[in-house]
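Comments concern the structure below.
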Amino acid sequence: MQKEDKKPCCRDEKFVEEVQRIMDDEETIYFLADFFKNFGDSSRLRIMGALFNGEMCVGTIAEVLNMTQSAVSHQLRVLKSSRLVKARKEGKLVYYSLNDEHIKIIYKMGIEHILE
């Protein structure tokens, strides 16, 4: 069997080297895969969708989504550890919101993509 030629099919070797550098960064790829895993769970997507409209406490999220507070709390822990949501404490209540505009953009782009 003949060995495959590993020369890139395009002539822009700097471009190929840059792509290889990015793809060889296994730690970044690992974190990116972990980041997108959170978008693969319908409960988490529903929670992010609710938070797209503004910050809410666990009880409000549970009521809006017809979920138990326990289930919402569990998913919020996962989302918070992945830095997709943030928490703000006010007295005894904790209010959750999407972590930043990047999360909103990714969520909105996903919705737009599937509705095309």
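Keep in mind that what you see is a predicted model, and the values were worked out from it rather than measured.
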Please identify each residue that fulfils salt bridge (charged side-chain N to carboxylate O under 4.0 Å, His left out) with Glu18, with sequence neighbours left out. Arg21
Among all residues two or more places apart in sequence or in another chain, which pass the side-chain contact (heavy atoms from CB on, under 4.5 Å) test with Thr60? Met56, Cys57, Val64
Distance from Ile47 atom CD1 to Leu84 atom CG, nearest 0.5 Å? 11.5 Å
CG (Asn66) with more than 12 external heavy atoms under 6.0 Å: no
Can you list everything that forms a salt bridge (charged side-chain N to carboxylate O under 4.0 Å, His left out) with Glu90? Sequence neighbours excluded, please. Arg88
Euclidean distance, Leu51 CG relative to Leu98 CG, rounded to 0.5 Å: 5.0 Å
Once salt bridge (Lys or Arg N to Asp or Glu O under 4.0 Å) is applied, what residue pairs with a partner in residues 57-73 remain, sequence neighbours excluded? none
When hydrophobic residues are tied together by side-chain contacts of less than 4.5 Å, even through go-betweens, does Leu45 share a cluster with Leu65? yes
What's the spacing between Ile61 CD1 and Ser73 OG if we round to 0.5 Å? 8.5 Å
When you check the gap from the basic side-chain N to the acidic O, do Glu17 and Lys14 get nearer than 4.0 Å? no
Joint hydrophobic cluster, Met48 plus Leu32, side-chain heavy atoms closer than 4.5 Å: yes
Pairwise distance NZ(Lys104) to CG(Asn99) - rounded to 0.5 angstrom: 11.0 Å
Pairs satisfying salt bridge (Lys or Arg N to Asp or Glu O under 4.0 Å), at least one member in residues 37-49, at least two apart: Asp34-Lys37
According to side-chain hydrogen bond (donor to acceptor under 3.5 Å, both in side chains), who are the partners of Ser43, at least two apart in sequence or on a separate chain? none
For Gln69, give me all partners under side-chain contact (heavy atoms from CB on, under 4.5 Å), at least two apart in sequence or on another chain. Val58, Ala62
Euclidean distance, Lys89 NZ relative to Leu93 CG, rounded to 0.5 Å: 9.5 Å
Short side-chain to backbone donor-acceptor contact, Ser82 and Leu79, under 3.5 Å: no
For Leu76 against Val85, the heavy-atom pair lying closest together: O-CG2, 4.0 Å
For Glu27, is the CD atom crowded, meaning more than 12 foreign heavy atoms sit under 6.0 Å from it? no
Would you please name every residue forming a ring pair (Phe, Tyr, Trp, His ring centres under 6.0 Å) with Phe35, sequence neighbours left out? Phe39
Sorted by chain and residue number, the ring pair (Phe, Tyr, Trp, His ring centres under 6.0 Å) partners of Phe31 (sequence neighbours excluded) come out as none
Quick one: which residue pairs count as a ring pair (Phe, Tyr, Trp, His ring centres under 6.0 Å) with a foot in residues 50-107, not counting sequence neighbours? Phe52-Tyr107
Lys80: partners by salt bridge (charged side-chain N to carboxylate O under 4.0 Å, His left out), with sequence neighbours left out: none
For Lys86, the salt bridge (charged side-chain N to carboxylate O under 4.0 Å, His left out) test, sequence neighbours excluded, returns none
State plainly whether one hydrophobic cluster holds both Ile29 and Ile106, where clusters connect Ile, Leu, Val, Met, Phe, Trp and Tyr through side-chain heavy atoms under 4.5 angstrom apart. no
